[in-house]
*Asks:* 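Got a structure for you, questions after.
Computed from a predicted structure; not experimentally measured. As the structure lists them, so they are numbered: ligands from 1, and atoms in each ligand from 1.
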Amino acid sequence: MKRCFLFAAFTLVCFFNAPVLADAPIVIKFSHVVAKDTPKGKAAEKFKALAEAATKGRVKIELYPNSTLYKDKEELEALQLGAVQMLAPSLAKFGPLGVKEFELFDLPFIFNDKQALYRVTQGPIGQDMLKKLESKGIRGLAYWDNGFKMMTSNRPMRVPADMKGLKLRIQSSKVLDEQMRALGANPQVMAFSEVYQAMQTGVVDGSENPPSNIFTQKMHEVQKHLTVTNHGYIGYAVIVNKKFWDKLPADIRTQLEAAMKEATDYANNIAQQENDQALENIRKSGKTVIYVPTDAERAEWRKVLVPVHKAMEERIGKELIASVNKATAAK
Ligand code: LMR
């Protein structure tokens, strides 16, 4: 009798809960490796707010910043497996996935300024590159900006010759490997989440990143010198698991695309200011000496690093590099 009652009660609970379950929100897990207080971290928060408001709670965005869920390499695997639905990896991290063309963004001094960059990311070249991800089960939604990279180490670095022999952490890009070798340094691929400790313990002598990443990871506390080389670029591709995205109800997808467009404008608007502020914060900390190369020194950096374009032609594609040069030369 008691059993019958329990069974009936259980059936009733299931019955009344069924509509609730059917209305459960679609969850998008968005994992990334940087701090909340960075251009990418803030843009992810913006996207969450816009997407949840536009879909009136039918979509819930769960943010996992600072490698709390996955590190660099793992997060791409997790996306392909469907364990997370959205990421925004740096463009330097797509090589191991088999999409080597993205490493063109790592070529030193390929973009003189953000306007030149946007002619690529917001033009046909950028869109064609996102399409290359489809065969990997990934859909590219947008490019988000960060900024130009600066060198850090415990040694003053005025000219390229000062880099000789330094052990430098790099992202998993063959172009970055070649770039560091051109400087006579020893590159070491390492996940972003491990860099601070590697610097602190002397596993590496230094690295390269925009100030927003250097400051928020506290790298300036374990690096005595920073040189404003602006020798390369770091930006992101916002990507989703293609199967998941294609299966979303059409109205939801449209709302999410609109939210992404607005979050992208926001990301690209705040990136420069965030990096300027971070550089100022590093300066104010008094822990790192900031050096701005003279014009003559800057010419030396270019002279040593621009030949990397030729050396990497075969990997990235001669025609692709030529078309980028053509697009960036346009006014
Ligand atoms: C890195 O150095 O790995 C960074 O580019 C991480 C990031 O996402 O900005």
*Asks:* Show the nearest heavy-atom pair for residues Ala43 and Ala267, with the distance to one decimal.
*Replies:*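 Looks like CB-CB, 3.5 Å.
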*Asks:* Can you pull the residues with any heavy atom under 4.0 Å from ligand 1?
*Replies:*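 Correct list: Val33, Val34, Lys40, Ser90, Lys93, Arg169, Gln171, Phe192, Asn209, Asn213, Ile234, Tyr236.
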*Asks:* Please check this pair: side chain of Tyr143 against backbone of Gly126, looking for a donor-acceptor N/O pair closer than 3.5 Å.
*Replies:*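 Indeed, once roles are kept as given, a pair shorter than 3.5 Å links the two residues.
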*Asks:* Taking only Lys NZ, Arg NE, NH1 and NH2, and the carboxylate oxygens of Asp or Glu, determine whether Glu103 and Lys174 approach each other closer than 4.0 Å.
*Replies:*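 No, Glu103 and Lys174 are not salt-bridged.
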*Asks:* Just wondering, more than 12 heavy atoms not from Arg158 lying within 6.0 Å of its CZ?
*Replies:* no
*Asks:* Within the side chain of Gln223, is there an N or O that forms a donor-acceptor pair under 3.5 Å with the backbone of Ser153?
*Replies:*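 Yes; judged by distance alone, with no hydrogens or angles, the pair exists.
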*Asks:* Apart from Leu183 itself, what residues make up its hydrophobic cluster when side-chain heavy atoms of I, L, V, M, F, W and Y under 4.5 Å apart count as a link, directly or indirectly?
*Replies:* Phe109, Met151, Met157, Met163, Leu166, Leu168, Ile170, Leu176, Met180, Val189, Trp301, Val304, Leu305, Val306
